[in-house]
Undergrad: 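Below are the structure tokens for one structure; questions will follow.
A, B, ... follow the sequence lines: proteins, then strands. Residue 1 opens every chain.
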Number of protein chains: 2
Amino acid sequence: MSLRMALLTLIAGQPRSGYDINREFDGVLMFVWHAKPTQVYPELKRLAADGLIREQDEGPRGRRPYEITQEGLRTLREWLTTTSADHSQRNETVLRTFALWTVEPAEAQAFLREELEYHRARLRGLRVLQKGLDLDRPADRAALLGLEAGVRRLEAAASWAEWALGVVATWPSTTAPEQDTG
Amino acid sequence: MSLRMALLTLIAGQPRSGYDINREFDGVLMFVWHAKPTQVYPELKRLAADGLIREQDEGPRGRRPYEITQEGLRTLREWLTTTSADHSQRNETVLRTFALWTVEPAEAQAFLREELEYHRARLRGLRVLQKGLDLDRPADRAALLGLEAGVRRLEAAASWAEWALGVVATWPSTTAPEQDTG
DNA sequence: AGTATCATGTAAGACGTTACATGATTAC
DNA sequence: GTAATCATGTAACGTCTTACATGATACT
């Protein structure tokens, strides 16, 4: 259900094609929502068939931009005001962290260093995007909040990885043989 | 694929039944990984059939605890050391934030207040769990890092929600009629 | 005796990914 | 002219959720 809402949110902000949306899912929105092109295109057709978005005139290179309809906007508002957010998440970095005691401290540190670099790089990207917003546009004012959530999360993740590197440095080697379990 | 790894991670830490795992997914691990009982039970059967975990003696009330095998531990280590974490995420709170300009500021604030309360409540829960860890156990040492990641993320989310409430207070009402799009 | 919790499952359908396919335009 | 990028899709398969089903034990 929320893929529909993600598409409506993007198209409500400004008219976009499937291709535009796929680029957003690979970039800015990677920490918010994501979907593959093969899921996006059929869903856009369905949204158009349901009257929540409307195809604009075909652009260059077979480009098909969509704009939101009144009913689409109404649906988006209803979702926001009458339902609660689902807070369950899947975060592979933290999942791997829970299993980190099974590998050598050196390997655990390699993993944490990789995460640290990743989060730092993303952080720089988000800050650039945030500066490019036009705060006279209502959709960009909301995007400022969304990107700020990303910035703060990435800062937290980076400082966590730094802290964790220090902690893992104090772990003993896992060379002690386990009891026979296999 | 990662559900398998989540189950292996939990069972590697200590023997657990499907019921135990479901409780973790509803509690501590909600911000890490989650799955419904209907997905967990069949996956445990498959892991056992593949020799990565092994059923222990049946406990009270038809309880079936599993323990990890040598091959399961080897598989877990290989996953950690030879593959990279997938960083794509789905976060409904931030998704909704990007659409927040479509509703009245008062409604946006109600949403942010709800998020703030939610994150604060969860934070208290995680801190209690963190204090209950036994740092002589390797699995608990890794769990300390995992829970700390959660604590820092929740702190970041709560302080973001507070900041966002202040920003939204400066937004003008959305009563201005939009151009005819439907 | 009745309710809550413990404990495990099956079947159908919705959602998401991987593999494959096609053609137009732009840059070198 | 050839490679990269733009742009949209279909089919098969795997993952996840919803609805439904069952029975044992503990608490009041």
Undergrad: Does this structure show an ion pair linking A/Arg90 with B/Asp86, if we count only N-O contacts that are shorter than 4.0 Å?
TA: no
Undergrad: Parallel, tilted or perpendicular for B/His87 and A/Tyr118, by the 30°/60° rule?
TA: parallel
Undergrad: Please state how far atom OH in A/Tyr19 lies from atom P in D/dT5, giving the value in whole angstrom units.
TA: 9 Å
Undergrad: Cation over ring, A/Arg152 on B/Trp163, under 6.0 Å and within 45°?
TA: yes
Undergrad: Examine B/Arg141 relative to A/Trp101 and say whether NZ or CZ is less than 6.0 Å from the centre of the six-membered ring and inside a 45° cone about the ring axis.
TA: no
Undergrad: Ignoring hydrogens and geometry, is there a side-chain-to-backbone donor-acceptor pair from A/Glu107 to A/Glu104 under 3.5 Å?
TA: yes
Undergrad: Once you round it to whole Å, what is the distance between P of D/dT8 and CD of A/Glu43?
TA: 16 Å
Undergrad: Check the distance between D/dT22's C1' and B/Arg64's CZ and give it to me in whole angstrom.
TA: 14 Å
Undergrad: Is it the case that A/Arg153 places NZ or CZ above or below the six-membered ring of B/Trp160, under 6.0 angstrom from the centre and within 45 degrees of the axis?
TA: no
Undergrad: Is the shortest side-chain N/O distance from A/Tyr41 to OP1 or OP2 of D/dG9 below 4.0 Å?
TA: no
Undergrad: Rounded to whole angstroms, how far apart are CG on B/Leu44 and P on D/dC16?
TA: 14 Å
Undergrad: Roughly, in whole Å, what's the span from CG in B/Asp20 to C1' in C/dC6?
TA: 11 Å
Undergrad: Please tabulate the protein-to-nucleotide N/O contacts below 3.5 Å involving nucleotides 16-18 of chain C, giving atom names and distances.
TA:
| unit_1 | atom_1 | unit_2 | atom_2 | d |
| --- | --- | --- | --- | --- |
| C/dG16 | OP2 | A/Gln39 | NE2 | 2.5 |
| C/dG16 | O5' | A/Gln39 | NE2 | 3.2 |
| C/dT18 | OP2 | A/Lys36 | NZ | 2.8 |
| C/dT18 | O4 | A/Thr38 | OG1 | 2.9 |

Undergrad: Starting at CG of A/Leu47 and ending at C1' of C/dC15, how long is that distance when rounded to a whole Å?
TA: 14 Å
Undergrad: Would A/Arg74 count as a cation-pi partner of A/Trp79, with NZ or CZ less than 6.0 Å from the six-membered ring centre and within 45° of the ring normal?
TA: no
Undergrad: Show every salt bridge (Lys or Arg N to Asp or Glu O under 4.0 Å) that has at least one partner inside residues 123-134 of chain A, sequence neighbours left out.
TA: A/Arg127-A/Glu155
Undergrad: I'd like a table of atom pairs between the protein and nucleotides 23-28 of chain D - only N or O on both sides, under 3.5 Å - with the distance next to each one.
TA:
| unit_1 | atom_1 | unit_2 | atom_2 | d |
| --- | --- | --- | --- | --- |
| D/dT25 | O4' | B/Arg61 | NE | 3.3 |
| D/dT25 | O2 | B/Arg61 | NH2 | 2.9 |
| D/dA26 | O4' | B/Arg61 | NH2 | 3.2 |

Undergrad: OP1 or OP2 of C/dT25 sitting under 4.0 Å from any side-chain N/O of A/Arg63?
TA: no
Undergrad: What integer distance in Å separates B/Asp26:CG from C/dC6:P?
TA: 12 Å
Undergrad: Output yes when at least one side-chain N/O atom of B/Lys45 is less than 4.0 Å from OP1 or OP2 of C/dG9, else no.
TA: yes
Undergrad: Atom CZ of B/Arg46 to atom P of C/dG9: distance rounded to whole Å?
TA: 12 Å
Undergrad: Heavy atoms, side chains only, cut-off 4.5 Å: are A/Tyr66 and A/Leu44 in contact?
TA: yes
